[in-house]
K.L.:
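Got a structure for you, questions after.
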Amino acid sequence: MDYNFKEIEKKWQQYWKDHNTYKVDIDNGRPKFYVLDMFPYPSGAGLHVGHPLGYIASDIYARYKRQKGFNVLHPMGYDAFGLPAEQYAIQTGQHPEITTEKNIKRYREQLDKIGFCYDWDREVRTCEPSYYKWTQWAFLQMFKSYYNTALDKARPIDELVEYFAKNGSEGCNAHTNAKEEFTAEQWNGMTKAEQSQTLMNYRIAYLGNTMVNWCPKLGTVLANDEVSEGISIRGGYPVEQKVMRQWCLRVSAYAGRLLRDLETIEWSESIKETQKNWIGYSEGAEMLFPIVGSDEQLLIFTTRADTIFGVTFMVLAPESEYVEKVVTDDQRVAVDAYLDEVKHKTERERLIEKKVSGVFSGSYAINPVTGKEIPIYISDYVLAGYGTGAIMAVPAHDSRDYAFARHFDLPIIPLIEGADISEESFDAKDGIMMNSSNERLQLNGLQVKEAIAKTKKYIEEAGIGKVKVNYRLRDAIFSRQRYWGEPFPIYYDEDGQPQCLDDSELPLQLPEVDKFLPTETGEPPLGRAKNWVAGNGRPLELNTMPGFAGSSAYYLRYMDPHNDKALVSKEANEYWRQVDLYVGGTEHATGHLIYSRFWNKFLYDYGYVCEAEPFRKLVNQGMIQGRSNFVYRIKDTNKFVSFNLKKDYDTTPIHVDVNIVSNDVLDIDAFKAWRPEFANAEFILEDGKYICGWAIEKMSKSMFNVVNPDDIVARYGADTLRLYEMFLGPVEASKPWDTNGIDGVNRFLKRLWGLVFKGDTMQLIDEKPSAEALKSIHKLIKKVSQDIEQFSYNTSVAAFMICVNELSSMKCRSKSVYRDFVVLLSPFAPHIAEELWHVLGEEGTVCDAQWPVWNEEYLKESVVKYTVLFNGKPRFNIEVAAGTPGDEVQRLALSHEGAARWLDGKQPKKVIVVPNKIVNVVV
RNA sequence: GCUCGGAUGGUGGAAUCGGUAGACACGAGGGACUUAAAAUCCCUUGGCCAUUGCGGCUGUGUGGGUUCAAGUCCCACUCCGAGUACCA
């Protein structure tokens with residue numbers, strides 16, 4: 001009987017299903033462990049061989065933890081709202097729900113074939129009303145909250161309303177984007193609509209006029225993480241900056257906590273670093289610069305307060321509100337022309353051009369320390385959205401100011417001794433200050449760092465500014481002009497003000513529309529829905545929520561997926577708490593992984609969840625790239641030349657389907673059948689074979705390099721696929737998929753099978769294992785246990801192979817040895833392990849078998865060989881009986897002093913004892 | 001530009017604390033079995049030299065340094081990858 005993976009895998013997949021092997025429930029008698037994969041978006045293309053990499057890694061960990069006695073939660077679901085289904089719907093008229101449903105079915109079939117231990121009873125789909133009810137619910141909680149900066153947490157907006165009625169906005173400790181202050185009388189005198197509008201500046205989910213990334217091609221706004229270099233990540237279309245009224249989430253209020261709490265979680269340094277950069281902590285000072293001939297003052301932000309003596313001009317962002325206040329009549333025409341020019345440039349054009357541009361406003365400001373008058377300019381190198389949208393320019397020590405000063409021929413005053421500023425600015429925060437003293441402030445002779453501190457102190461005392469922390473992190477834009485997303489549980493009252501639906505009206509279900517396009521009047525697709533009104537007849541919001549809405553709290557829903565009273569019950573949340581191990585790609589570093597942490601912290605503030613961070617440990621699996629194959633057609637012929645002979649001909653490389661190439665050898669018959677135009681192809685072969693060329697590219701249909709896991713499973717079995725994906729290299733590393741090595745792991749499984757069965761006869765017996773066999777298996781137990789904890793799965797697979805070779809060569813037939821082997825192998829190759837488990841006559845399933853523990857006694861060497869070095873040079877080898885390594889070596893080294901004299905005629909000066917069987921004697 | 005990774009045979013990759021570099025696998029070469037092929041098994045496989053013996057030299061991107069000992073630590077550089085980018 002050969003290793004019949006088809007039969008085995010079918011049999012046990014059915015068994016696990018019939019016996020609910022992977023179903024989990026709260027069990028207070030056992031410690032919990034929560035292993036989670038980033039759930040997939042079910043695309044029409046199905047899974048390729050790269051997708052399961054992370055799923056296999058987490059599956060191994062989940063199975064291992066279960067065998068170590070943990071109650072393991074390991075769920076799976078679908079991030080089912082999204083753009084591709086909607087675009088497909090626009091093209092075909094097919095409802096996104098139908099295509100999504102179809103794709104999910106296909107994903108499930110593919111996943112099932114690989115033998116994952118998911119508890120499918122807990123499956124979630126973000127597009128199901130019973131799921132998005134809780135997305136909508138969370139949004140409403142955010143709408144009804146503000147961020148209290150004194151308590152550093154979210155609080156009910158009603159508390160703020162009460163405060164305004166008593167004290168106005170002064171000292172209200174609320175995170176806000178409001179510029180205006182108001183008194184209690186003013187507040188109380190406002191109409192309901194005015195109050196509602198004012199509160200929008202404080203709510204955590206708010207409707208605000210913000211600069212958004214507008215993508216005309218997609219007809220929707222995008223969040224910052226959905227845009228890269230002025231191009232939309234989905235689709236690759238240009239994106240413009242535009243002010244629009246959009247729903248936003250006050251993520252920026254949480255910037256400090258999002259940054260601080262990174263210290264409490266076990267994520268890779270690189271992804272923490274990415275988040276740190278994205279949040280962008282920057283400590284500096286805000287300073288006021290009076291404007292000549294005006295009561296207005298310019299408020300600027302700087303991290304280099306020390307350079308105040310080198311300020312030779314000021315710059316405002318074109319969108320800054322100060323612009324109107326400083327532009328003079330004689331500069332009006334020039335300024336308007338410039339603003340117009342800037343407005344019509346897209347983000348992309350600005351980034352590409354990168355040339356210095358700007359215009360003089362006509363006004364001057366007064367340097368509050370030197371008293372000098374300096375011109376105020378307007379330029380698009382200053383961003384409206386960061387700091388105050390205005391800067392003090394110090395051309396000697398900032399490269400952008402330097403470029404601007406050179407372009408407009410403005411003075412440059414060096415402030416650091418020895419800095420050469422003839423060609424470029426000196427930006428480093430390092431050196432001794434000069435040109436920086438007067439009767440008010442003396443910085444000359446100080447180090448830059450001391451000067452920064454001294455200046456900050458001075459400006460606070462002199463009342464011209466204050467120390468301030470700025471974050472780069474912006475509020476998340478939360479509305480999309482799309483159909484296939486969560487509707488907002490918001491209607492508009494007679495004043496046009498947004499109002500909450502009642503919790504009892506949730507979920508607000510996505511309505512039917514005749515077309516999935518914007519309306520003729522340019523409203524979002526929901527504008528087409530009939531009767532899209534709340535229970536009171538008022539119109540409902542037409543936008544839908546973005547993709548990250550549904551994925552922000554899904555890990556909580558898995559804890560209690562069928563609860564219709566709460567997102568998650570207190571009981572379930574307090575048992576499962578947080579995700580202990582989260583596996584997914586790095587591409588979500590500044591999107592999902594920020595939003596999820598924000599969402600979780602918001603829920604934490606109200607006690608809906610008991611952990612401040614959602615994902616304790618994060619492992620980023622690498623991307624699997626494609627390995628394309630090429631054939632080389634001789635120009636103007638239908639003749640193809642083998643790879644190593646192509647240099648003699650003028651050829652065109654053509655992508656060839658990697659599925660008809662094996663170890664770079666082309667299957668010529670399959671090639672002829674592949675495309676009609678190749679049916680009569682001729683070949684120039686080497687050694688009777690056609691060798692293809694290859695290249696590493698993205699895995700995609702157009703490159704014909706997509707490898708489908710189903711095909712691998714059909715050919716080699718799921719266990720081979722699982723082992724091979726792990727064997728390819730470290731889970732975290734990106735690597736090309738190369739089917740070439742898969743025979744090696746497949747051979748390993750066949751060899752293992754061959755040790756158990758000869759023909760149909762089971763070879764194993766109840767036999768006391770030899771010391772040799774015990775050593776081999778305990779070495780494996782130690783290695784695999786340690787490897788799994790560290791995600792070094794590739795070296796584990798190597799260890800399995802070594803062990804099988806050892807057991808084979810020592811002809812070990814002891815059941816107890818194989819029993820341990822099978823348990824160790826089961827997380828990696830669950831099907832064959834389950835089969836052998838039963839062959840060995842064990843009860844239950846291998847999933848519940850206890851993970852074996854290694855015994856150091858068995859691992860000891862009976863004889864240890866030592867190399868003795870003199871002055872680092874090996875002189876002789878000796879063997880001694882095993883003992884405690886350190887002690888033995890000490891005595892050994894000293895007892896060989898005679899030998900040292902004998903060799904060198906000298907006494908050893910010192911004897912260095914180091915691990916790994918080397919003794920070094922220094923004479 | 002800034003930040004963070006990385007560079008080891010023909011290939012993917014091992015080397016846990018600085019301690020015999022190249023585990024394991026692929027590929028390649030040779031052999032056994034076979035009428036033949038596939039499958040399977042055995043041997044060789046970093047490079048150079050020697051191979052009627054042992055063996056010798058060299059070798060982890062480049063150049064220095066620390067150390068009895070460096071792929072690993074330090075300094076400088078080259079190249080590659082990722083993130084981010086007029087963030088004041």
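Each chain gets a letter, A, B and so on, in the order its sequence line appears, and its residues count up from 1.
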K.L.:
Quantified in whole Å, what is the C1' atom distance between nucleotide B:U16 and nucleotide B:U72?
P.N.:
12 Å
K.L.:
Using heavy atoms to find the nearest nucleotide of RNA chain B for A:Met392 and A:Glu269 separately, return the residue whose nucleotide is more 5′.
P.N.:
A:Glu269
K.L.:
Quick one: which protein N/O atoms are closer than 3.5 Å to N/O atoms of nucleotides 12-15 of chain B? Pair and distance per line, please.
P.N.:
{"from": "B:G12", "atom 1": "O2'", "to": "A:Leu728", "atom 2": "O", "distance (Å)": "2.7"}
{"from": "B:G13", "atom 1": "O3'", "to": "A:Asn794", "atom 2": "ND2", "distance (Å)": "3.4"}
{"from": "B:A14", "atom 1": "OP1", "to": "A:Asn794", "atom 2": "ND2", "distance (Å)": "3.2"}

K.L.:
Taking only the side-chain heavy atoms of A:Glu273 (C-beta and beyond), determine which of B:C4, B:A88, B:U84 contains the nearest atom.
P.N.:
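Per side-chain heavy atoms of A:Glu273, the pick is B:C4.
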K.L.:
When you compare B:C77 with B:G6, how far apart are their C1' atoms, in angstrom units rounded to a whole number?
P.N.:
16 Å
K.L.:
With P as the reference atom in both, quote the distance from B:U84 to B:G46 in angstrom, rounded to an integer.
P.N.:
43 Å
K.L.:
Walk me through whether A:Arg715 and A:Asn746 qualify under side-chain hydrogen bond (donor to acceptor under 3.5 Å, both in side chains).
P.N.:
CA-CA 10 Å; A:Arg715 192 152 158 216; A:Asn746 190 236; over 6 Å; no
K.L.:
Which nucleotide sits closest to the side chain of A:Thr303: B:A88, B:C4, B:A23?
P.N.:
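So the side chain of A:Thr303 is nearest to B:A88.
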K.L.:
Under the 3.5 angstrom rule, does the side chain of A:Lys779 hit a backbone N or O of A:Ala799 as a donor-acceptor pair?
P.N.:
no
K.L.:
Does A:Gln275 use its side chain to pair, donor to acceptor, with the backbone of A:Ala589 at less than 3.5 Å?
P.N.:
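Yes; judged by distance alone, with no hydrogens or angles, the pair exists.
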K.L.:
Return yes if some donor-acceptor pair links the side-chain N/O of A:Arg472 with the main-chain N/O of A:Asn277 below 3.5 Å, else return no.
P.N.:
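A pair under 3.5 Å: yes.
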K.L.:
How many angstroms lie between CG in A:Leu755 and NZ in A:Lys750, if you round to the nearest 0.5 Å?
P.N.:
14.5 Å
K.L.:
From B:U16, B:C86, B:C26, pick the nucleotide closest to the side chain of A:Leu383?
P.N.:
B:C86
K.L.:
Measure from the side chain of A:Ala798, starting at C-beta and using heavy atoms only, and say which of B:A88, B:C24, B:A85 lies closest.
P.N.:
B:C24
K.L.:
Would A:Lys735 and A:Glu725 count as a salt bridge (Lys or Arg N to Asp or Glu O under 4.0 Å) here? Give the steps.
P.N.:
CA-CA 11 Å; A:Lys735 56 226 156 208; A:Glu725 292 226 8; over 6 Å; no
K.L.:
Is the backbone of A:Gly358 close enough, under 3.5 Å, to the side chain of A:Ser379 for a donor and an acceptor to pair up by distance?
P.N.:
no
K.L.:
Could you check how far NZ of A:Lys276 sits from C1' of B:A85, rounded to whole Å?
P.N.:
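Going from A:Lys276 (NZ) to B:A85 (C1'), I get 19 Å.
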K.L.:
Please check the phosphate of B:A88 (OP1 and OP2 only) for any side-chain N or O of A:Tyr381 closer than 4.0 Å.
P.N.:
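The answer is no; no side-chain N or O of A:Tyr381 sits under 4.0 Å from OP1 or OP2.
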K.L.:
Any cation-pi pair here, A:Arg597 with A:Trp267, using under 6.0 Å and within 45°?
P.N.:
yes
K.L.:
Examine distances only and state if a side-chain atom of A:Asn367 and a backbone atom of A:Val369 form a donor-acceptor pair shorter than 3.5 Å.
P.N.:
yes
K.L.:
Please report, rounded to the nearest Å, how far the C1' atom of B:G81 is from the CD atom of A:Glu587.
P.N.:
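One finds 16 Å between C1' of B:G81 and CD of A:Glu587, rounded.
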K.L.:
Could you tell me the separation between the CD1 atom of A:Ile271 and the P atom of B:A82, rounded to a whole number of Å?
P.N.:
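Those two atoms, CD1 and P, are 15 Å apart.
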K.L.:
Nearest to the side chain of A:Ser282, which nucleotide is it out of B:A88, B:C26, B:U3?
P.N.:
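Of all the options, the side chain of A:Ser282 is nearest to B:A88.
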K.L.:
How long is the line joining CZ of A:Phe828 and P of B:C24, in whole Å?
P.N.:
18 Å
K.L.:
What's the CD1-P distance between A:Ile279 and B:A85, to the nearest Å?
P.N.:
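It is 14 Å, rounded to the nearest whole Å.
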K.L.:
Under 3.5 Å, is there a donor-acceptor pair between the side chain of A:Tyr402 and the main chain of A:Ile421?
P.N.:
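Judged by distance alone, yes, a pair lies under 3.5 Å.
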K.L.:
Using the C1' atoms only, state how far B:A15 lies from B:G9, rounded to an integer number of Å.
P.N.:
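After rounding to an integer number of Å, I get 15 Å for this pair.
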K.L.:
If I pick the P atom on B:C74 and the same atom on B:U67, what distance separates them, to the nearest angstrom?
P.N.:
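Nearest-Å result for B:U67 against B:C74 at atom P: 16 Å.
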K.L.:
Quick one: which of B:A88, B:C4, B:A23 gets closest to the side chain of A:Ile802?
P.N.:
B:A23
K.L.:
Rounding to a whole Å, what distance do you find between A:Ile391:CD1 and B:C86:C1'?
P.N.:
10 Å
K.L.:
Applying a 3.5 angstrom cut-off to the pairing atoms, does RNA chain B sit in any stems of at least three consecutive Watson-Crick or G-U pairs? List them by first number.
P.N.:
B:1-7 with B:78-84, B:10-12 with B:24-26, B:27-32 with B:40-45, B:46-49 with B:55-58, B:61-65 with B:73-77
K.L.:
Sticking with atom C1', work out how far B:C73 lies from B:U66, rounded to a whole angstrom.
P.N.:
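Taking atom C1' in both B:C73 and B:U66, they lie 8 Å apart.
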K.L.:
Would you give a per-nucleotide map of nucleotides 36-43 of chain B, 5' to 3', where B means the base has a protein non-hydrogen atom under 4.0 Å away, S means only the sugar-phosphate does, and - means neither?
P.N.:
----SS--
K.L.:
Take the protein atom CG of A:Leu473 and the nucleotide atom P of B:U84, then report the distance between them rounded to whole Å.
P.N.:
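Result: 14 Å.
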K.L.:
Which value, in whole Å, describes the distance between the P atoms of nucleotides B:G30 and B:A82?
P.N.:
41 Å
K.L.:
Run the numbers on A:Tyr3 and A:Phe757 for ring-ring contact (aromatic ring centres under 6.0 Å, His included), then give the verdict.
P.N.:
CA-CA 9 Å; A:Tyr3 166 46; A:Phe757 287 100; over 10 Å; no
K.L.:
For B:C68, measure the glycosidic angle (O4'-C1'-N9-C4 for a purine, O4'-C1'-N1-C2 for a pyrimidine) and name it syn if it falls within 90° of 0, otherwise anti.
P.N.:
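Classified anti.
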K.L.:
With a 3.5 Å distance limit and no angle check, can you tell me whether A:Thr307 reaches the backbone of A:Val394 through a side-chain donor-acceptor pair?
P.N.:
no
K.L.:
Please report the distance separating the P of B:G5 from the corresponding atom of B:C75, rounded so that it comes out in whole Å.
P.N.:
13 Å
K.L.:
Does A:Arg472 make a side-chain N or O approach to OP1 or OP2 of B:A88 shorter than 4.0 Å?
P.N.:
no
K.L.:
Grab the CD-C1' distance between A:Gln275 and B:U3 for me, whole Å please.
P.N.:
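Checked: the CD to C1' distance equals 15 Å.
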K.L.:
Out of B:A88, B:A25, B:A85, which nucleotide sits closest to the side chain of A:Thr302?
P.N.:
B:A88
K.L.:
For B:G22, does the glycosidic angle fall within 90° of 0 (syn) or outside that (anti)?
P.N.:
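Because its glycosidic torsion lies more than 90° from 0, B:G22 adopts the anti conformation.
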K.L.:
Has A:Ser425 got a side-chain atom pairing as donor or acceptor with A:Asp427's backbone, closer than 3.5 angstrom?
P.N.:
no
K.L.:
Once the angle between the rings of A:Phe426 and A:His397 is folded into 0 to 90°, is it parallel (under 30°), tilted (30 to 60°) or perpendicular (over 60°)?
P.N.:
perpendicular
